[in-house]
Amino acid sequence: MTAAATPPVYEVLAFRFGRHAGRLARENFLFADDPCATDAPADYDFSFWVVRDDERVIVVDTGFRSETAALRGREQLRHPIAALGDLGIDPAQVSDLLVTHMHWDHTGHLDAFPHARVHLQEAELAFCAGRAMRHAAPRRPFEADDVNTAIQLLFEDRLHLHRGPAVITPGVEVHPAPGHTPGLQVVRIHTRRGWVVLASDSAHLWANIRRRAPFPILDHLASMVDAYETVEALADGEDHIIPGHDPQVARRFPALDGAPGWVRLHEPPIAPYVEPEHKPAEVRA
């Protein structure tokens, strides 16, 4: 039996393009009696990611539109597509766009990559274009324009719908991790420090996954906690898991020379993880 081929090695880069100012820690945890759910100020970032080697450029999520952010009380620090120019990337070069899920802050520019294959879990499109959207609460994190763009891409034969894990190219994989949404997928990438997982909103913050303290916006609670185990099994260690909104990401990983704001997730962290401020839990029945 021949040994499996070693997958290619990729760079993984993150860019912080937005923030939610004035947020409190308790807004990031489901249960009010969680020790992390304090009234301390809590920075909350919005990021997207680039995966690349000498042959391929892959983008993971697309951020939000500035007008949508303004309506929702969020701040766009830099247009995500403009930020790609810091890396010398033309959107037309992008071969694949991996959409972790269809919430508004991840899908504002699905139509910005004219030649990219767009990858989404079938369960995610079925949910955000299905009967659940009759109700205000479940549709609140979605934008109809973004869903319509995804459907247009489907009609153009550019939207690839997956039913479960898929290899996008050797060394880059998507894996379902539902809970936050029914069809959320995480991205597993082979790097020179091992397998890194872009957890997106399966773990908004490191505290969510490390403390098993779920984020309050979710479709199914038990599935969200199960997803923590899925992500941990896919990654080569705690610091190989990259949460979707943790401001520590931008501080813990080394900056990319010549491209302000971009950090290198394929390199080991340069600063330790900092536990959030805690208070004694008040256990309620």
Side-chain angles (χ1 to χ4, degrees), residues 5-17 45-63 78 80-101 105-110 112-121 158-160 162 165-177 184-203 231 234-237 239-246 249-250 252-259 261-269:
T6 302
V9 170
Y10 291 89
E11 293 183 342
V12 187
L13 305 169
F15 187 82
R16 171 182 178 263
F17 69 89
D45 283 356
F46 296 89
S47 301
F48 78 113
W49 305 272
V50 165
V51 178
R52 67 180 182 180
D53 65 2
D54 292 338
E55 299 179 359
R56 187 181 298 264
V57 177
I58 298 170
V59 170
V60 181
D61 290 345
T62 71
R78 181 91 188 278
I81 307 306
L84 292 173
D86 299 341
L87 304 177
I89 294 174
D90 184 322
Q93 294 177 261
V94 174
S95 63
D96 296 89
L97 170 61
L98 314 185
V99 183
T100 63
H101 63 301
D105 52 320
H106 296 257
T107 56
H109 306 283
L110 295 180
F113 306 95
H115 305 305
R117 299 180 303 163
V118 183
H119 301 266
L120 184 70
Q121 287 291 320
R158 291 182 52 210
L159 183 63
H160 297 251
H162 299 288
V167 175
I168 305 304
T169 189
V172 181
E173 307 166 358
V174 293
H175 294 263
L184 188 145
Q185 61 185 359
V186 300
V187 183
R188 184 179 189 239
I189 309 110
H190 188 247
T191 74
R192 62 188 181 192
R193 73 180 180 108
W195 288 98
V196 167
V197 175
L198 300 178
S200 184
D201 290 5
S202 69
V231 170
L234 291 169
D236 276 346
D239 287 334
H240 292 70
I241 297 169
I242 309 301
H245 295 274
D246 201 316
V249 172
R252 294 193 62 213
F253 287 91
L256 181 65
D257 293 341
W262 287 95
V263 297
R264 296 173 287 166
L265 305 179
H266 52 282
E267 302 284 357

Just by modelled atom types, is the G63 backbone N or O under 3.5 Å from a matching donor or acceptor in the D61 side chain?
-> no
Between V99 and the options V59, V118, V60, the side-chain contact (heavy atoms from CB on, under 4.5 Å) test singles out V118
Audit row: F48, W262, ring-ring contact (aromatic ring centres under 6.0 Å, His included) steps and yes/no | CA-CA 10 Å; F48 78 113; W262 287 95; 5.5 Å; yes
Got a second to check how far D53's CG is from T191's OG1, nearest 0.5 Å?
-> 12.5 Å
Between Q93 and G88, what is the shortest heavy-atom contact and its length?
-> OE1-O, 3.3 Å
Specify the closest pair of heavy atoms between P8 and P170, including all atoms of both residues, with the distance to one decimal.
-> CD-O, 3.3 Å
Sidechain-backbone polar pair: T100 side chain, V186 backbone, donor-acceptor under 3.5 Å = no
Just by modelled atom types, is the A116 backbone N or O under 3.5 Å from a matching donor or acceptor in the S95 side chain?
-> no
Determine whether D239 and R252 make a side-chain contact, defined as any pair of heavy atoms from C-beta on separated by less than 4.5 Å.
-> yes
In Å and rounded to the nearest 0.5 Å, what is the CD to CG distance from E173 to L234?
-> 7.5 Å
Return the minimal non-hydrogen interatomic distance between H175 and P165, and the atom names on each side.
-> ND1-CB, 3.8 Å
To the nearest 0.5 angstrom, please state how far the CG atom of L87 sits from the CZ atom of R52.
-> 5.0 Å
Flag side-chain contact, heavy atom, 4.5 Å: V57 against L84 = no
So do the side chains of R16 and V263 get within less than 4.5 Å of each other, counting heavy atoms only?
-> no
Is a side-chain N or O of D236 found less than 3.5 angstrom from the main chain of W195, in a donor-acceptor match?
-> yes
Sorted by chain and number, sequence neighbours left out, side chain to side chain contact (heavy atoms under 4.5 Å, CB included) with A166 holds for H162, V174
Side-chain contact test, heavy atoms from C-beta onward, threshold under 4.5 Å: evaluate it for F113 versus T62 and give yes or no.
-> yes
Run the numbers on I168 and V187 for side-chain contact (heavy atoms from CB on, under 4.5 Å), then give the verdict.
-> CA-CA 10 Å; I168 305 304; V187 183; over 6 Å; no
If you take all heavy atoms of P243 and A199, which pair is closest and at what distance?
-> CA-CB, 4.4 Å
Under the side-chain contact (heavy atoms from CB on, under 4.5 Å) criterion, do H266 and I189 qualify, and how do the steps go?
-> CA-CA 9 Å; H266 52 282; I189 309 110; over 6 Å; no
Determine the minimum heavy-atom distance between S200 and H106, stating which atoms define it.
-> OG-CE1, 3.5 Å
Would you check if L98 and D96 make a side-chain contact, meaning some heavy-atom pair closer than 4.5 Å?
-> yes
Non-hydrogen side-chain atoms of L256 and E11 separated by less than 4.5 Å = no
Going from OG on S47 to CZ on F17, what distance comes out if it is rounded to the nearest 0.5 angstrom?
-> 7.0 Å
Would you check if the side chain of H119 reaches a backbone N or O of H160 as a donor-acceptor pair within less than 3.5 Å?
-> no
Under the 3.5 angstrom rule, does the side chain of R193 hit a backbone N or O of L265 as a donor-acceptor pair?
-> yes
Residues L13, R264; criterion side-chain contact (heavy atoms from CB on, under 4.5 Å); working and verdict | CA-CA 5 Å; L13 305 169; R264 296 173 287 166; 3.8 Å; yes
Where is the tightest heavy-atom contact between P268 and P254, given as atom of each residue plus distance?
-> O-CD, 3.6 Å
Any side-chain heavy atom of E55 sitting closer than 4.5 Å to one from T169?
-> no
Would a distance-only check, ignoring hydrogens and angles, find a side-chain to backbone donor-acceptor pair under 3.5 Å from R117 to R158?
-> no
Contact check, side chains of H245 and D45, non-hydrogen atoms, under 4.5 Å | no
